[in-house]
Amino acid sequence: LAFTVGYRTVECMAVHFSSVRLACAIFLLYRATASRGKCTELGDVHGSCASEVAQEIAETANTEEDGAWLLQIRGAGSDAELSVESTSEPCDKTGPNNMQKVSVPEVTNDVDAVCNDGTPAVYYWAPASCPDYEHKWLVFLGSGGWCWDFDSCAKRSTDSVSSKNYPDIDTPNPHSLFGNHSPFYSYNRVSLRQCSSDAWMGDLGANESIAKVNWRGARIVRSLLQHLVADRGLGNAKLLIFGGASAGGRGAMVHLDTLKKDGLVPRRVPVFGLLDSPYYIEMPPFRNLTMADHSLSLQTQLVAKNMHNEAILRGSGSCRLAEAWKCGFGQFRLSLLKTPFMLIHSQYDAYGISVLENITLFQQPGPDECFPEPQGAHYSFSGAYAGRIYKGLTTLPQVVKGKAGLYSTTCYQHAVAYDDVFGQQKLKGTSMAEATEQAVDAFMARHGPKKMPYIVDDTCAVFNCGQYCQSEVKSDCGLGPR
């Protein structure tokens, strides 16, 4: 392979390497080091000088992938040393399926890492279940919606604003993201419960808050990650899957590109996003409903205004949209993400539909429930909503370019990572758990690119359509096509 650097041509013999990607990484290293007057001999690419420079270049690489490639050649001497563990390696899953509660203020000494009511924020923790996985991490931000003023916060349930009733042990559903049938069961697992009612985007005390509650979600995330790096070994991770569901998915979306910029995670740690149901869209509510309770965009605008969180939403320059609230809104923010990710979002997202249509159905209609009258109007609105979601998801630039994975059903569901749906419901023969594992494998591939999953129901054009859906709708409910 021959590359031109200014007036110089560099010939790189790639016969000893197993992929063009590695050869290109060597060139990137040569190009950068030559321009800095360091290690200008290509033969030193495996030497100590190149090792140091590779770390330096990786930390300032233009993209996450460039940085990862450069780190892979640092100190490597053979193809054997360049091999990578598969996320599918067998590991004993017969151990207890329990996670232990940990107080965030207690382990971080951050007295402001608290819930709405001042009780301590908590996370649930389970260490890697076998040595092969001790450097792999899953950190997941909890769901639970949000509030934006005094009245909306006053309506929230106790468990949404306080940790006082949280159990000492959490036992995840076996087929959920954290269950012992999950591909990620053997990882170091961290599940952060949301009691801050801010989708992890706030850092405001009760004495400053218009709602007279603590909105400390962003602070909790930062303190948690600093603790995991300093005390649990996250700083030595070979993989961090960072994500969340619903409000947690939107929070992870806001924080994902800032983890390394803000020094919360070392730059050498590969980071991959897992975003479950974060995609809000701008759409007028059903039949001209006007209150914030029924407008996803108005809620987000009020959050940005009342939480005074523009700096958090913009994320150290990661989002430069003219209006800061859009940096916390999936329709506008997802397309800006630089960190690779897996996106799970139903076209008939249950939460989005329930907010916009002012209906009581949430996770799934029961066997005796239908949309209220006029049913036809409700189903038509849901169909229009689904059409917008489908178009938005499938045209995301990262998805189109194969840089992000997408899993999208037509089921009436939302935030399924905590449910057996995650591991058992299958679209086109693949579950969400399997698709997520494929996406992680593609992200971690070192010997040539692997394909990100694109698993989308594009054949079924009615509400909750598809025999695979594990959310049942009464057979005589009126179903409207989109």
Side-chain angles (χ1 to χ4, degrees), residues 63-65 243-246 249-250 252-254 256-257 272-285 295-297 300 313 315 318-323 325-353 355-356 380-416 427-428 430 432 435-436 438-440 442-443 449-466 480-482:
T63 69
E64 187 83 18
E65 287 186 316
S246 189
R250 289 180 282 120
M253 172 188 70
V254 166
L256 192 57
D257 281 349
F272 184 75
L274 174 55
L275 307 177
D276 179 1
S277 308
Y279 195 72
Y280 276 10
I281 61 169
E282 272 198 304
M283 184 173 180
S295 171
L296 301 172
S297 56
T300 310
L313 293 173
S318 297
C319 178
R320 301 182 184 277
L321 296 172
E323 299 174 87
W325 71 270
K326 291 183 176 180
C327 296
F329 201 79
Q331 178 180 350
F332 305 112
R333 182 60 178 270
L334 270 176
S335 63
L336 303 180
L337 291 182
K338 303 298 183 185
T339 306
F341 61 89
M342 177 69 193
L343 174 60
I344 298 171
H345 198 97
S346 174
Q347 295 156 49
Y348 286 92
D349 179 67
Y351 183 75
I353 289 174
V355 169
L356 292 173
S380 295
F381 183 93
S382 297
Y385 173 86
R388 293 191 185 196
I389 293 289
Y390 173 83
K391 181 177 181 181
L393 297 179
T394 57
T395 58
L396 284 169
Q398 303 96 322
V399 171
V400 172
K401 295 176 183 178
K403 300 295 185 181
L406 175 62
Y407 193 106
S408 180
T409 72
T410 53
C411 305
Y412 185 69
Q413 295 168 341
H414 177 77
V416 297
L427 169 60
K428 299 182 179 180
T430 305
M432 297 174 207
T436 303
Q438 291 172 20
V440 173
F443 170 67
K450 289 186 178 180
K451 187 177 181 180
M452 283 284 182
Y454 180 87
I455 302 172
V456 176
D457 191 341
D458 51 11
T459 61
C460 197
V462 295
F463 177 85
N464 205 61
C465 180
R482 67 167 181 250

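Only this structure's heavy atoms are used, side chains among them; waters, hydrogens and symmetry mates stay out.
- L321 contributes atom CG, which lies 10.5 Å from atom CG of L313 (distance to the nearest 0.5 angstrom).
- Closest heavy-atom contact between H345 and L393: O-CD1, 3.7 Å.
- Contact between D457 and C460 at its shortest, heavy atoms only, is OD1-N, 3.2 Å.
- In this structure a side-chain-to-backbone donor-acceptor pair under 3.5 Å is present from T300 to L296.
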For this session: Take M253 and F341 through the side chain to side chain contact (heavy atoms under 4.5 Å, CB included) test and state the conclusion after the steps.
Result: CA-CA 10 Å; M253 172 188 70; F341 61 89; over 6 Å; no
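- Annotation: side chain of P340 is not in contact with side chain of K403 (no heavy-atom distance under 4.5 Å).
- For the residue pair S408 and Q347, a side-chain donor N or O sits within less than 3.5 Å of a side-chain acceptor on the partner.
- Interatomic distance, CG of L406 versus CE of M452, reported as 12.0 Å (0.5 Å rounding).
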Problem set entry | CA sep, side-chain torsions, deciding dist, call: L274, V440, side chain to side chain contact (heavy atoms under 4.5 Å, CB included) | CA-CA 9 Å; L274 174 55; V440 173; over 6 Å; no
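- Here the OH atom belonging to Y279 is positioned 14.0 Å from the OG atom belonging to S346, to the nearest 0.5 angstrom.
- For R333 (side chain) and V254 (main-chain N/O), a donor-acceptor pair under 3.5 Å exists by modelled atom type.
- Taking 4.0 Å as the cut-off between side-chain N and carboxylate O, D458 and K428 count as a salt-bridged pair.
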For this session: Would you check, one step at a time, whether the test side chain to side chain contact (heavy atoms under 4.5 Å, CB included) holds for T410 with Y390?
Result: CA-CA 9 Å; T410 53; Y390 173 83; over 6 Å; no
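- Counting heavy atoms from C-beta outward, Y407 and Q438 have side chains that stay 4.5 Å or more apart.
- Under the 4.5 Å side-chain criterion, counting only non-hydrogen atoms from C-beta, L336 is not in contact with D257.
- Ring geometry, F272 versus F443: the interplanar angle falls from 30° to 60°, so the pair is classed tilted.
- Counting all heavy atoms, side chain and backbone alike, A252 lies closest to G244 at CB-N, 3.9 Å.
- A donor-acceptor pair under 3.5 Å links the side-chain atoms of Q398 to the main chain of L334, judged by distance alone.
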Problem set entry | Step-by-step side chain to side chain contact (heavy atoms under 4.5 Å, CB included) determination, V399 to T394 | CA-CA 7 Å; V399 171; T394 57; 5.8 Å; no
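- Side-chain N or O atoms of S246 include none that pairs as donor or acceptor with a backbone N or O of S277 at under 3.5 Å.
- How far OG1 of T409 is from CG of L427: 7.0 Å, rounded to the nearest 0.5 Å.
- P453 has its side chain within reach of M342: a pair of non-hydrogen atoms, C-beta onward, lies under 4.5 Å apart.
- A distance of 13.0 Å separates SG of C319 from CZ of F329, quoted to the nearest 0.5 Å.
- Between Y348 and Y412, the ring centre distance reaches or exceeds 6.0 Å.
- The two residues A435 and I455 make their nearest non-hydrogen contact at CB-CD1, 3.8 Å.
- Looking at D349 and Y385, their side chains come closer than 4.5 Å, going by heavy atoms from C-beta outward.
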